[in-house]
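So the structure is just underneath, and the comments pick up after that.
Chain letters run A, B, ... following the sequence lines, proteins first, then strands; residues in each count from 1.
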2 protein chains.
Amino acid sequence: MLSKKCKYAIHALVHMAKEPEKKFLIKDISEACNIPKKFLEAILLELKRAGVLGSKQGKGGGYFLRSNPAEVNLADVVRMFDGAIALVSCATHKFYEPCAECEDEATCAIHHAFVEIRNSTVDLLSGDTIEGLAKRELKMKAKKKAKA
Amino acid sequence: MLSKKCKYAIHALVHMAKEPEKKFLIKDISEACNIPKKFLEAILLELKRAGVLGSKQGKGGGYFLRSNPAEVNLADVVRMFDGAIALVSCATHKFYEPCAECEDEATCAIHHAFVEIRNSTVDLLSGDTIEGLAKRELKMKAKKKAKA
DNA sequence: CTGAAACTCTATATAATCAATAGGCTTTGA
DNA sequence: TCAAAGCCTATTGATTATATAGAGTTTCAG
């Protein structure tokens, strides 16, 4: 399971990607996404340090998207907050560590099984950009409203 | 990432599935798979309570497979030790809980994205039986030995 | 019938991590 | 100059992960 931090980050980013030009106050994102304000503060700061967000201090300040929302995908965000995407450390690319208990990875069937799962998960996560998710969500909400 | 407990369980089960009729001592599995003995003890007990393994106490005792190894798959084992397979609680079948911060799951793009990922992961994990993994591993080891 | 082999069970220790909050500091603009 | 807003460090409390200790129980061999 993802950490709450990571899930909150995704919610915040998708929220911002709905109005990619807008400048957001921490407080407003916090209320819109139901994320504890102080916790969100730390999250946005990390996203800023990673270059995904920019910010402006002082009166009239706020956070805004710095990266192109079409190029920020869930694989990036998950790696940033929760580290490896794979279910075992020997099956990751970016955070590889051999399993202490495994004698020969090359002939370990478990290793091979989890590499496959990793690949499929990474493919799906990489395909989900915050722009795509934001647009999809706006459409779904519009459709639901039309029905009601 | 999987807990060590879960990974150890998988290793132990695949090891046993290589000789599905055999009775194993905790100590032997522990040494063969490089798993701390006392920790493994607790794991095997859980697997027994779940019906996957059987055991015989006393001298000449040991653990053995009770379930058909062709019917024990990684999805089962992961759920048993680590709970939900999905990355967010609102995307699971067996351990469903709504996300506290989410106002409307039906129109939440994040929810939909993670349901897809869950489905793909569950499909792959369900396809990996301990019998299949054990056979695959035996083949790989034989091939490697032939080359050397 | 006894003793060693082997699994069973409960409890505990330690460390790590997660989630959240506190509280001051700095920058900015009217 | 002061209030708005982000920046930063530290800390707390709860939970979970990993592992171990140690006593209890069952079984078989001789």
Side-chain angles (χ1 to χ4, degrees), chain A residues 1-12 16 22-31 33-66 78 80-84 87-89 95 99-101, chain B residues 1-12 16 22-31 33-50 52-66 78 80-84 87-89 95 97 99-101:
Chain A
M1 302 267 280
L2 299 183
S3 66
K4 287 203 178 184
K5 199 169 182 180
C6 184
K7 200 169 35 148
Y8 288 160
I10 295 171
H11 273 288
M16 294 177 80
K22 189 173 158 184
K23 202 165 48 181
F24 295 85
L25 298 185
I26 298 176
K27 183 169 159 290
D28 292 341
I29 302 175
S30 155
E31 283 169 9
C33 301
N34 297 304
I35 302 170
K37 181 162 169 287
K38 269 297 193 179
F39 200 9
L40 179 61
E41 200 179 296
I43 292 166
L44 297 180
L45 214 44
E46 271 194 69
L47 287 166
K48 184 196 164 185
R49 293 203 179 109
V52 178
L53 297 182
S55 68
K56 190 160 174 275
Q57 281 194 70
K59 205 170 186 176
Y63 278 98
F64 50 89
L65 284 167
R66 180 185 293 289
V78 170
M80 187 156 133
F81 288 95
D82 288 0
L87 291 171
V88 292
S89 68
F95 298 86
C99 294
E101 79 279 4
Chain B
M1 302 267 280
L2 299 184
S3 66
K4 288 203 178 185
K5 199 169 184 181
C6 184
K7 197 164 46 144
Y8 288 160
I10 294 170
H11 272 289
M16 295 177 80
K22 191 173 156 183
K23 201 163 49 182
F24 295 84
L25 299 183
I26 297 177
K27 182 169 159 291
D28 292 342
I29 301 175
S30 153
E31 283 169 10
C33 300
N34 297 305
I35 303 169
K37 182 164 169 288
K38 270 296 193 180
F39 200 10
L40 178 61
E41 206 179 291
I43 293 166
L44 297 179
L45 216 42
E46 270 194 69
L47 287 166
K48 184 197 165 185
R49 294 206 178 105
V52 178
L53 298 181
S55 69
K56 189 158 172 276
Q57 280 194 67
K59 206 171 183 173
Y63 279 97
F64 51 88
L65 284 168
R66 180 186 292 292
V78 171
M80 187 156 138
F81 288 95
D82 288 0
L87 291 171
V88 290
S89 67
F95 299 86
E97 272 183 76
C99 294
E101 79 279 4

For this session: In plain terms, say whether B:Glu41 and B:Lys38 are close enough for a salt bridge, that is, a side-chain N and a carboxylate O under 4.0 Å apart.
Result: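 Between B:Lys38 and B:Glu41 there is a salt bridge, with a charged N closer than 4.0 Å to a carboxylate O.
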Mind checking if [X] touches a base, just sugar-phosphate, or nothing, with heavy atoms under 4.0 Å?
X	value
A:Tyr8	sugar-phosphate
B:Leu25	sugar-phosphate
B:Lys27	nothing
A:Phe24	sugar-phosphate

For this session: On DNA chain C, check which nucleotide each of A:Gly58 and A:Lys38 is closest to and give me the residue with the more 5' one.
Result: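 Between the two, 5'-proximity favours A:Lys38.
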Below 4.0 Å: OP1/OP2 of [N] and any side-chain N or O of [X]:
X	N	result
B:Ser55	C:dT8	yes
A:Lys59	C:dT27	no
A:Arg49	D:dC8	yes
B:Lys37	D:dA19	no
A:Lys56	C:dG29	yes

Separation of atom [atom1] in [X] from atom [atom2] in [N], rounded to whole Å:
X	N	atom1	atom2	result
B:Phe81	D:dT16	CZ	P	17 Å
A:Phe39	D:dT12	CZ	C1'	14 Å
B:Glu46	C:dC7	CD	P	17 Å
A:Leu40	C:dA19	CG	C1'	14 Å
A:Glu41	D:dA10	CD	C1'	14 Å
B:Ile43	C:dC7	CD1	C1'	15 Å
B:Lys5	D:dT20	NZ	C1'	13 Å
A:Gln57	D:dC7	CD	P	5 Å

Problem set entry | A:Ser3 backbone acceptor or donor facing A:Asp82 side chain under 3.5 Å |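 The answer is yes, because a donor-acceptor pair under 3.5 Å joins these two groups.
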Exercise. Does B:Ile35 offer a backbone N or O that forms a donor-acceptor pair with the side chain of B:Ser30 under 3.5 Å?
Worked result: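 Indeed, once roles are kept as given, a pair shorter than 3.5 Å links the two residues.
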Does some side-chain heavy atom of [Y] sit less than 4.5 Å from a side-chain heavy atom of [X]?
X	Y	answer
A:Leu45	A:Tyr63	yes
B:Leu87	A:Val78	no
B:Leu47	B:Phe81	yes

For this session: Look at the side chain of A:Pro36 and decide which nucleotide, out of C:dA20, D:dG24, D:dA19, has an atom nearest to it.
Result: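 Side chain of A:Pro36 sits closest to C:dA20.
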Exercise. Out of D:dG6, C:dT8, D:dT18, which has the shortest distance to the side chain of A:Tyr63?
Worked result: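 Closest nucleotide to the A:Tyr63 side chain: D:dG6.
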Exercise. When you match B:Asp82 and B:Ala42 each to their closest nucleotide on DNA chain D, which lands nearer the 5' end?
Worked result: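 Closest to the 5' end, via its nearest nucleotide, is B:Asp82.
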Problem set entry | Pairwise 5' ranking along DNA chain D for B:Leu2 and A:Leu44, keeping only the more 5' one |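 Nearest nucleotide further toward 5': that of A:Leu44.
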